[in-house]
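First comes the structure, then the notes that go with it.
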Number of protein chains: 2
Amino acid sequence: MNFDQADAINQAIRRLSLWHRARVGELLAPLGLHPGQEALLLELARSGPMIQAALSTALGCEPPSVTQMSRKLEASGHVLRRPARGDKRASVVELTDSGTALVEQLRRLWRGLAEETVAGVAEPSVAGLPELLNTLASNVRRADRPGAQ
Amino acid sequence: MNFDQADAINQAIRRLSLWHRARVGELLAPLGLHPGQEALLLELARSGPMIQAALSTALGCEPPSVTQMSRKLEASGHVLRRPARGDKRASVVELTDSGTALVEQLRRLWRGLAEETVAGVAEPSVAGLPELLNTLASNVRRADRPGAQ
DNA sequence: TAGAGTTAGTTATGCGGATAACATTATCCG
DNA sequence: CGGATAATGTTATCCGCATAACTAACTCTA
């Protein structure tokens, strides 16, 4: 692969990252949320109450990020943190009623965003998009590379 | 589009963003650079010395980000900032010799990253990848949406 | 030409996310 | 059992990037 091709790919990924996140931020602002927090709330809605370590894995980010985000969502009342029974190290995070209500709005917003994102892309490509993007993501994921711990 | 499809797309984009950036960070660390800075250096290598406002547009990020990044790259000696002749408001940013040398290493690294990223993706898909990703990016780009200023 | 409006850049502040260093608790095994 | 090792979570610190608020300079037009 020559430099121009490589650059086109890397730049496109960068642009998509930046602008998708910015758009998420715009859509989330009226709900009082910041980008990233929606992922945590949606994960809790999907999987129910869970330990922060599990959240860290599910969200694909590091434990300190989870600590901060869950603290802030706790401060805004959308999430509740309590000691895990059976493991004095762990904290269980779960949705409050307020958080559950927010998730409902999030779901609508999330669908609108996805539709907006794939506008003008042929249907077959759209169907294969998650798999394609996840392949790219896995390829650059640290834990999937030899030598990672 | 139902929620699960939408979620698959949005989540995949999030993961790709996170992990691609993390991987860039890993590769850049030995050069003493942080993710984002490579984009600025490569843009200067592509287009030559330019005003910060042009950099802001080219990089797809906001002016304060450009101010900070160019200041830090100036501090590390890879970039030089000087007043623009003909416009007392503007600053021209250009590569130093050190920056030019870095860009050479960046190019190699950039190619390796792109190859790593598209591993296991069929050739026709790879060829169309930049266009596909740029379509997605444009779709969520603020400036391309009605009502943006 | 004078004032309105626009554009370039900066500072301040806040968030997500990362790493490094650390304390605490679990677990595994000799 | 008890000590080494692993896992959970926290704090501190750093960076990119964002918005808001501001200054200074350019441009356009009445």
Side-chain angles (χ1 to χ4, degrees), chain A residues 14-15 17-29 31-41 50-57 59-76 81-93 141-143 148-149, chain B residues 14-29 32-41 50-57 59-76 81-93 141-143 148-149:
Chain A
R14 177 186 158 85
R15 266 198 267 274
S17 302
L18 244 48
W19 297 343
H20 187 266
R21 184 181 183 84
R23 182 61 175 142
V24 169
E26 274 186 351
L27 294 170
L28 252 39
L31 306 182
L33 292 178
H34 294 270
Q37 303 185 326
E38 88 288 350
L40 200 157
L41 295 176
M50 56 201 297
I51 240 68
Q52 287 186 194
L55 269 173
S56 172
T57 300
L59 299 180
C61 64
E62 300 299 317
S65 303
V66 175
T67 296
Q68 263 212 135
M69 285 174 50
S70 53
R71 273 201 185 292
K72 289 187 180 166
L73 287 169
E74 183 182 38
S76 49
R81 287 148 46 86
R82 56 178 170 78
R85 58 150 181 57
D87 190 335
K88 290 177 186 171
R89 301 167 302 178
S91 303
V92 175
V93 183
R141 187 186 176 197
R142 185 193 302 167
Q149 67 282 23
Chain B
R14 177 185 158 84
R15 266 198 267 274
L16 177 58
S17 303
L18 245 47
W19 296 342
H20 187 266
R21 184 180 184 84
R23 182 61 176 142
V24 168
E26 275 186 350
L27 295 170
L28 251 39
L33 292 178
H34 294 270
Q37 302 185 327
E38 88 290 351
L40 200 157
L41 295 176
M50 55 201 300
I51 242 65
Q52 288 186 194
L55 269 172
S56 172
T57 301
L59 299 179
C61 64
E62 300 298 316
S65 304
V66 175
T67 295
Q68 266 212 133
M69 286 172 50
S70 53
R71 274 202 183 293
K72 289 187 180 166
L73 287 170
E74 183 183 38
S76 49
R81 285 146 49 85
R82 56 177 171 78
R85 59 149 183 57
D87 190 336
K88 290 177 186 170
R89 300 167 303 177
S91 302
V92 175
V93 184
R141 187 187 176 195
R142 186 195 300 168
Q149 68 280 20

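Since we're looking at a predicted model, the values are computed, not measured. Chain identifiers are assigned alphabetically (A, B, ...) following the order of the sequence lines, protein sequences preceding nucleic acid strands; residue numbering begins at 1 within each chain.
Whole-Å rounding puts the Trp19(B) CH2 to dG17(C) P distance at 13 Å. The separation between Leu18(A) atom CG and dG16(D) atom P is 13 Å, rounded to whole Å. Distance CE (Met69(A)) to P (dT11(D)): 17 Å, rounded to an integer number of Å. Going from atom CD of Glu26(B) over to atom C1' of dC15(D) covers 16 Å, rounded to whole Å. Rounded to a whole Å, the NZ atom of Lys88(B) is 9 Å from the C1' atom of dA25(D). One atom, NE2 of His20(B), and another, P of dG17(C), lie 17 Å apart when rounded to the nearest Å. Here the P atom of nucleotide dT19(D) and the CZ atom of Arg23(A) are 13 Å apart, to the nearest Å. Rounded to whole angstrom, the span from the CD atom of Glu38(B) across to the C1' atom of dG16(D) amounts to 11 Å.
Residues Ser91(A) and Pro63(B) each lie close to DNA chain D; by heavy-atom proximity, the contact nearer the 5' end of the strand is made by Ser91(A). Heavy-atom nearest nucleotides on DNA chain C were determined for Gly86(A) and for Arg21(A), and the one closer to the 5' end corresponds to Arg21(A). In this structure, Ala90(A) and Pro35(B) both approach DNA chain D, and ranking their closest nucleotides by distance from the 5' end singles out Ala90(A).
Residue Lys72(A) has a polar side-chain atom (N or O) positioned under 4.0 Å from OP1 or OP2 of dC15(C). Close to dG16(C), at under 4.0 Å from its OP1 or OP2, lies no side-chain N or O of Ser65(A). Regarding contacts with the backbone of dG16(D), a side-chain N or O of Gln37(B) is found under 4.0 angstrom from either OP1 or OP2. The shortest distance between the side-chain N/O atoms of Arg71(B) and the OP1/OP2 oxygens of dG16(D) is not below 4.0 Å. Residue Arg81(A) places no side-chain N or O under 4.0 Å from the OP1 or OP2 atom of dT8(D). The phosphate of dT10(D) (OP1 or OP2) has a side-chain N or O of Thr67(A) nearer than 4.0 angstrom. OP1 and OP2 of dT10(C) both lie 4.0 Å or more from every side-chain N or O belonging to Gln68(B).
A 3.5 Å limit on both hydrogen-bonding distances identifies dA12(C) as the Watson-Crick or G-U partner of dT19(D).
The distance from the NZ atom of Lys72(A) to the CE atom of Met69(A) is 9.5 Å, given to the nearest 0.5 Å. The CG atom of Leu18(A) sits 8.0 Å away from atom OG of Ser65(B), with the distance rounded to the nearest 0.5 Å.
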Q: I would like to know whether Arg21(A) and Ser17(B) meet side chain to side chain contact (heavy atoms under 4.5 Å, CB included); could you show each step before the answer?
A: CA-CA 9 Å; Arg21(A) 184 181 183 84; Ser17(B) 303; over 6 Å; no
Q: Could you walk me through whether Leu73(A) and Leu33(A) pass side chain to side chain contact (heavy atoms under 4.5 Å, CB included), step by step?
A: CA-CA 9 Å; Leu73(A) 287 169; Leu33(A) 292 178; 3.9 Å; yes
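The shortest heavy-atom contact between Ser56(A) and Val66(A) is CA-CG2, 3.6 Å.
Counting any heavy atom pair closer than 4.0 Å across all strands shown, Ser56(B) reaches no nucleic acid atom. Pro64(A) comes within 4.0 angstrom of a base, heavy atoms only. Here Glu62(B) lies in heavy-atom contact (under 4.0 Å) with a base.
Under 3.5 Å, the side chain of Arg89(B) and the base of dT7(C) form at least one donor-acceptor pair of N or O atoms.
The nucleotide whose nearest atom lies closest to any side-chain atom of His34(B) is, among dA25(D), dA18(D), dG16(D), dG16(D).
In this structure, Glu38(A) contributes its side chain and Gly36(A) its backbone to a donor-acceptor pair below 3.5 Å.
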